[in-house]
A.B. asks: 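If you scroll down you'll find the structure; I have some questions about it.
Reminder, nothing fancy here: chain letters follow the sequence lines and each chain counts from 1.
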Amino acid sequence: MQIKEHHRWDLKYEEAVALQTELSKKLILNDSFGAIEKIAGVDVKCVKERNEVLGVVIIFSYPELNIIEIKMAKDVISYPYIPGLLTFREGPVVEQIFTQIKNIPDLVFFDGQGYCHPRRFGLASHMGLILNLPTIGCAKNKLCGNYKEPSQTKGSYSYIFDDGEIIGAALRTKNEAKPIFVSIGHKVSLISAIKFTLSVSKFRIPEPTRIAHNYLEGIV
DNA sequence: GCGACAG
DNA sequence: ATCTTGTCGC
Ligand SMILES: [Mg+2]
């Protein structure tokens, strides 16, 4: 798919932070999508040993979840891991992969935060804006904010608050398991993000990102 | 200064 | 993310 020209990725800390604060204003926080027939799962892994970053995007039919397309790309690690600036480390490869994608997804799941971010602009939100696609952030851990533990039943959730604002939800995607931190990426409301995430969860990690992650495990 | 801290 | 054996539980 075609991706519009945008800002540089090699920004210094202060510049990156300022960019996030600015671009967050452009996010669409309500439902702005049509029929969801194809969804995508994205994941990235870093092999420090070889100084390379590997990424994969898997397209699935929805709700069947049959794999339709798989594309991956490799790049050199060009940015350190800094909490809050993960996009500058993983974004470049992800963008490169979407360039090769033929089946444009109607919704994309990311392994990381979206709006649940200090500047309300995590990986899922940033990529959603760049790709101009509906996105959802599904993180395995919390980055910021406070929440009360949801009940142990699959499907229950509690909102994550920060600075008096709801920025995401701690969603129980599996009984008795640690919750998944769901947040708006772009063009999908929080309640819909929760609904979609639950609809693709067979285990703790939602299928799109779980399968993308497993795929990378099998790559040398 | 101290604690928190996506992947 | 990566390192890395065993161990607990269904
Ligand atoms: Mg990941």
A.B. asks: So what is the 5' to 3' dot-bracket string for DNA chain B, if pairs are Watson-Crick or G-U wobble with both distances under 3.5 Å, crossing pairs use [ ] and | means the partner sits on another strand?
C.D. replies: .......

A.B. asks: For A:His213, report the nucleic acid contact type (base, sugar-phosphate, nothing); a contact means any heavy atom under 4.0 Å.
C.D. replies: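 A:His213: backbone/sugar contact only, no base atoms under 4.0 Å.
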
A.B. asks: For DNA chain C, please output the secondary structure as dot-bracket, reading 5' to 3'. Pairs are Watson-Crick or G-U wobble, both atom distances under 3.5 Å; mark crossing pairs with [ ], other-strand partners with |, unpaired with a dot.
C.D. replies: ..........

A.B. asks: Whole Å only: how far is the CD atom of A:Glu52 from the C1' atom of C:dT2?
C.D. replies: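 Going from CD in A:Glu52 over to C1' in C:dT2 covers 14 Å.
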
A.B. asks: Could you list all the ring pair (Phe, Tyr, Trp, His ring centres under 6.0 Å) pairs where at least one residue sits in residues 171-191 of chain A, not counting sequence neighbours?
C.D. replies: A:Tyr147-A:Phe181

A.B. asks: Under a plain distance cut-off of 3.5 Å, with no hydrogens placed, do A:Asp43 and A:Thr209 share a side-chain donor-acceptor pair?
C.D. replies: no

A.B. asks: Can you list everything that forms a salt bridge (Lys or Arg N to Asp or Glu O under 4.0 Å) with A:Glu149? Sequence neighbours excluded, please.
C.D. replies: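 Applying salt bridge (Lys or Arg N to Asp or Glu O under 4.0 Å) to A:Glu149 gives A:Arg172.
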
A.B. asks: If I take atom OG1 from residue A:Thr87 and atom CD from residue A:Glu95, how far apart are they, to the nearest 0.5 angstrom?
C.D. replies: 12.0 Å

A.B. asks: Nucleotide by nucleotide, 5' to 3', does protein get under 4.0 Å of the base (B), only the sugar-phosphate (S), or neither (-) in nucleotides 5-10 of chain C, counting heavy atoms?
C.D. replies: ------

A.B. asks: Below 3.5 Å is the cut-off: list the nitrogen or oxygen pairs between protein and nucleotides 3-7 of chain B, distance only.
C.D. replies:
{"unit_1": "B:dA6", "atom_1": "OP2", "unit_2": "A:Tyr81", "atom_2": "OH", "d": "2.5"}
{"unit_1": "B:dA6", "atom_1": "O4'", "unit_2": "A:Gln113", "atom_2": "NE2", "d": "3.4"}
{"unit_1": "B:dA6", "atom_1": "N7", "unit_2": "A:Gly84", "atom_2": "N", "d": "3.0"}
{"unit_1": "B:dA6", "atom_1": "N6", "unit_2": "A:Gly84", "atom_2": "O", "d": "2.9"}
{"unit_1": "B:dA6", "atom_1": "N6", "unit_2": "A:Leu85", "atom_2": "N", "d": "3.2"}
{"unit_1": "B:dA6", "atom_1": "N6", "unit_2": "A:Leu86", "atom_2": "N", "d": "3.0"}
{"unit_1": "B:dA6", "atom_1": "N1", "unit_2": "A:Leu123", "atom_2": "N", "d": "3.1"}
{"unit_1": "B:dA6", "atom_1": "N3", "unit_2": "A:Gln113", "atom_2": "N", "d": "3.0"}
{"unit_1": "B:dG7", "atom_1": "OP1", "unit_2": "A:Lys140", "atom_2": "N", "d": "2.7"}
{"unit_1": "B:dG7", "atom_1": "OP1", "unit_2": "A:Lys140", "atom_2": "NZ", "d": "3.4"}
{"unit_1": "B:dG7", "atom_1": "OP2", "unit_2": "A:Asn141", "atom_2": "ND2", "d": "2.8"}
{"unit_1": "B:dG7", "atom_1": "O3'", "unit_2": "A:Asp111", "atom_2": "OD2", "d": "3.1"}

A.B. asks: Between the side chains of A:Ser201 and A:Thr173, is a donor N or O closer than 3.5 angstrom to an acceptor N or O?
C.D. replies: no

A.B. asks: Classify the ring geometry between A:His126 and A:Trp9 as parallel (under 30°), tilted (30 to 60°) or perpendicular (over 60°).
C.D. replies: tilted

